[in-house]
Amino acid sequence: MSTYTSGNDRSAYPADISPSKSNGSISYNPTPHLIPEGDNAVALEVTGSTATDKLIIIMVGLPATGKTYIAKRICRYITFFHDIPAQIFNSSNYRRKLFGVMPANFFDHSNAEGLAQRTTACNAALDDLVDYMKKDGVRVSVYDATCSTRERRDHVLKKLVDENLHCNKMFVESICEEEEFLEENIRELKLSTPDYHNIDPDDAAKDFNERREQYKAVYEPLDDRDGSYLTVFNYCKFMVNKVRGYLPLKVVHFIMNLHTLPRTFYLSRHGQSEYNDLAKIGGDSGLTKAGLEYARRLANFCKDEISVKTVIDPDTDKEVKKEIPARLWTSTMQRTKETAQFIDHSPLDNLWDNGEKREWLQFRPRARRNLDEIYAGICDGLSYKEIEEQFPDEFARRQKDKLSYRYPRGESYMDVILRLEPLAHELERIREPILIIAHQGIHRILYAYFMGLDRAQAPYISIPLNTVIQLTPHAYGCHEKRISLIQKSELKCSDDGQDEPVTNVSMSESFSKDNVSSLNMSSP
């Protein structure tokens with residue numbers, strides 16, 4: 001019979017494993033629980049290690065239905081938020097590499113030579129996909145092609161089966177018949193695809209429409225015979241068939257938030273806070289006078305730039321600005337709410353795409369805890385110099401691995417990536433321009449995600465005060481524009497606690513288009 005003994009009774013332990021005491025507390029731990037990722041490692045869920053099976057996604061759909069866009073967004077999402085390696089194998093890229101740019105009649109299904117060459121390109125892409133999926137640690141690949149006939153889809157599946165790949169396979173079909181989506185997709189293709197580089201836009205549009213008709217003539221939509229699949233109808237209706245498993249369902253849920261219409265995100269840090277002025281991190285301080293001035297200028301920018309769209313007046317045939325619905329998110333911290341305080345919230349009558357007409361409140365404030373700054377734990381309210389002096393070991397750990405480092409009793413960038421994942425879904429879904437007033441750490445992650453950067457780069461991205469970063473995602477990347485609302489000539493060089501300038505501006509000045517400086521950039 002076993003007998004319970006108190007943990008404080010040293011006689012309960014054999015002599016060779018009796019716990020020792022240090023400063024009155026038990027410290028003996030000969031076989032500690034070691035985490036492979038090291039000190040302050042993140043939870044498994046953050047790195048995506050809970051996904052169990054490999055997944056091959058096979059795109060299906062006519063040209064200009066957004067297949068490549070969907071494929072790119074899937075891989076970006078899975079890689080960035082779940083740390084799961086993913087790669088796209090685009091059949092058109094292989095076709096161009098092997099046979100060059102081809103005219104529309106090359107895609108005629110009765111063109112035997114063209115069909116044979118397209119099959120060769122298909123096989124080349126699949127060969128590389130198979131080699132990729134056989135690598136250790138690889139989890140997701142996407143075969144990006146039209147796969148417009150059952151014969152071609154059967155060919156793809158047979159090749160994967162013959163290679164004895166033990167992977168989940170799922171078709172993702174995009175059917176797009178709405179003129180608004182088609183026009184935008186074709187415009188993006190004419191501007192971005194290598195097939196129409198340096199080609200007259202009208203000639204490109206004509207050739208592309210002919211190519212699309214060639215595929216449309218033989219197109220066979222997915223049905224039960226194709227097994228596991230998701231069909232997307234005009235980015236608003238979805239059919240899910242026999243999809244099972246953690247990772248496939250994650251992908252399905254993400255795709256349901258996608259659309260290809262143009263939209264713009266505006267990222268802004270809060271105005272200069274009292275803690276910025278004192279070079280302290282974290283806290284929940286309010287704005288300084290300079291911070292309030294930025295808030296006023298940001299409100300004017302919202303009214304003049306974010307909530308308006310340039311359209312052609314049908315009566316005068318001239319460009320005019322039309323007010324459009326716009327969104328506003330802030331964190332729950334005082335400094336972001338104060339930065340939003342001067343933004344106008346006038347109602348706007350708006351006709352929605354479902355035919356419903358209802359009132360919209362412009363820039364309705366929505367405070368999101370997900371957008372709160374990285375919590376610095378026991379270092380909250382200290383300057384970096386004070387952290388180095390009081391907690392030198394912690395300071396050194398953060399310098400060594402800024403991405404995974406977690407403040408004692410606080411958070412890491414990896415933790416914040418996890419809590420920003422739901423907001424990434426929302427940002428993919430919304431169609432209205434949105435202003436997000438948040439913090440340096442938060443915007444570094446959002447910026448890295450949409451600009452296609454590795455998340456290890458996120459902690460080092462420059463997100464300065466007094467600047468609006470405009471991001472416009474598109475099928476092949478994301479355009480960037482930086483707008484400084486307070487100029488360098490107005491700045492007093494100092495440290496805001498986060499390696500950013502401290503402002504000292506004239507309170508009588510206000511934002512105008514004359515003092516907007518911008519930088520245009522685009523991701524690869």
Side-chain angles (χ1 to χ4, degrees), residues 265-307 326-345 362-369 371-374 376 380-381 383 434-444 446-447 461-471 481-513 515-518:
F265 312 132
Y266 297 86
L267 309 182
S268 171
R269 286 177 66 184
H270 52 79
Q272 183 199 47
S273 70
E274 293 165 351
Y275 269 26
N276 288 151
D277 195 33
L278 297 172
K280 294 178 178 291
I281 67 171
D284 194 19
S285 63
L287 300 183
T288 63
K289 289 183 179 180
L292 289 171
E293 176 64 15
Y294 176 74
R296 294 186 182 94
R297 298 190 186 192
L298 182 62
N300 289 335
F301 181 81
C302 289
K303 182 179 179 180
D304 296 339
E305 301 294 333
I306 297 179
S307 62
R327 297 177 182 265
L328 169 65
W329 290 354
T330 70
S331 75
T332 64
M333 311 305 290
Q334 181 181 353
R335 54 194 182 273
T336 61
K337 292 180 179 180
E338 288 187 3
T339 304
Q341 67 183 298
F342 301 112
I343 297 174
D344 183 61
H345 305 298
Q362 283 288 51
F363 295 105
R364 177 173 65 88
R366 190 175 181 188
R368 313 292 298 263
R369 281 202 65 187
L371 293 173
D372 286 358
E373 181 61 294
I374 295 174
D380 185 63
S383 68
I434 180 171
L435 170 64
I436 303 175
I437 303 175
H439 309 268
Q440 180 169 242
I442 299 299
H443 285 327
R444 280 172 166 168
L446 293 176
Y447 178 95
I461 295 169
S462 173
I463 308 289
L465 288 173
N466 310 316
T467 301
V468 177
I469 300 177
Q470 177 181 323
L471 299 180
K481 183 179 182 181
R482 295 196 174 206
I483 305 118
S484 175
L485 301 190
I486 296 180
Q487 298 299 295
K488 287 184 178 180
S489 59
E490 303 173 86
L491 301 179
K492 176 183 68 178
C493 292
S494 183
D495 182 12
D496 74 347
Q498 298 178 45
D499 299 321
E500 301 293 346
V502 174
T503 59
N504 184 17
V505 301
S506 169
M507 297 304 122
S508 63
E509 296 180 17
S510 60
F511 167 76
S512 70
K513 295 175 187 177
N515 64 358
V516 174
S517 66
S518 58

Note, Glu373 side chain near Ile281 side chain (heavy atom, < 4.5 Å) = no

query = Got a donor-acceptor contact below 3.5 angstrom from the Gln470 side chain to the Phe265 backbone?
reply = no

inquiry  = Do Leu435 and Arg327 make a side-chain contact, defined as non-hydrogen atoms from C-beta onward lying under 4.5 Å apart?
reply    = no

query = Checking side chain to side chain contact (heavy atoms under 4.5 Å, CB included) for the pair Gln272/Asp277: CA distance, chi angles, key distance, verdict?
reply = CA-CA 7 Å; Gln272 183 199 47; Asp277 195 33; 3.9 Å; yes

Side-chain touch Ile436/Leu267, heavy atoms, less than 4.5 angstrom = yes

inquiry  = Just so I know, are the side chains of Ile463 and Arg269 near enough to count as touching, which here means a heavy-atom distance under 4.5 Å?
reply    = yes

task = Apply side chain to side chain contact (heavy atoms under 4.5 Å, CB included) to Thr330 and Leu371, showing your working.
result = CA-CA 7 Å; Thr330 70; Leu371 293 173; 6.0 Å; no

ask   = Which residues pass the side chain to side chain contact (heavy atoms under 4.5 Å, CB included) test with Asp372, sequence neighbours left out?
value = Ser331, Thr332, Met333, Arg369, Arg419

key: Criterion side chain to side chain contact (heavy atoms under 4.5 Å, CB included) on Ser462 and Arg482, from CA distance to verdict   = CA-CA 11 Å; Ser462 173; Arg482 295 196 174 206; 4.2 Å; yes

Non-hydrogen side-chain atoms of Ile469 and Tyr447 separated by less than 4.5 Å = yes

query = Would a distance-only check, ignoring hydrogens and angles, find a side-chain to backbone donor-acceptor pair under 3.5 Å from Arg335 to Gly286?
reply = no

query = Looking at Lys289 and Glu293, does any basic side-chain N land under 4.0 Å from a carboxylate oxygen?
reply = no

ask   = Does any non-hydrogen side-chain atom of Ser268 lie less than 4.5 Å from one of Tyr294?
value = yes

inquiry  = side chain to side chain contact (heavy atoms under 4.5 Å, CB included) for His270 and Ser273? Distances and angles first, verdict last.
reply    = CA-CA 8 Å; His270 52 79; Ser273 70; 4.2 Å; yes

Atom pair CG/CD of Leu328 and Gln362 - distance to nearest 0.5 Å = 10.5 Å

Check: His345 side chain, Phe363 main-chain N or O, donor-acceptor pair, under 3.5 Å = yes

Test item: Ile483 and Thr467 side chains (from C-beta on) under 4.5 Å apart, heavy atoms = no

ask   = So, Thr288 and Glu274: side-chain donor and acceptor under 3.5 Å apart, yes or no?
value = no

ask   = Taking Lys280 for the side chain and Ser383 for the main chain, is one N or O donor matched with an acceptor at less than 3.5 Å?
value = no

key: Check: Ala295 main-chain N/O paired with Thr339 side-chain donor or acceptor under 3.5 Å   = no

Whether His443 side chain and Ile437 backbone form a donor-acceptor pair below 3.5 Å = no

request  = Return yes if some donor-acceptor pair links the side-chain N/O of Asn466 with the main-chain N/O of Leu485 below 3.5 Å, else return no.
outcome  = no

message = Do Leu446 and Leu471 have side chains that approach each other closer than 4.5 Å (heavy atoms only, starting at C-beta)?
response = no

request  = Look only at the side chain of Arg296 and the backbone of Gly291, and say whether a donor-acceptor pair between them is shorter than 3.5 Å.
outcome  = no

task = List for me each residue that meets side chain to side chain contact (heavy atoms under 4.5 Å, CB included) alongside Ala299, sequence neighbours excluded, and say none if there are none.
result = Phe342, Ile343

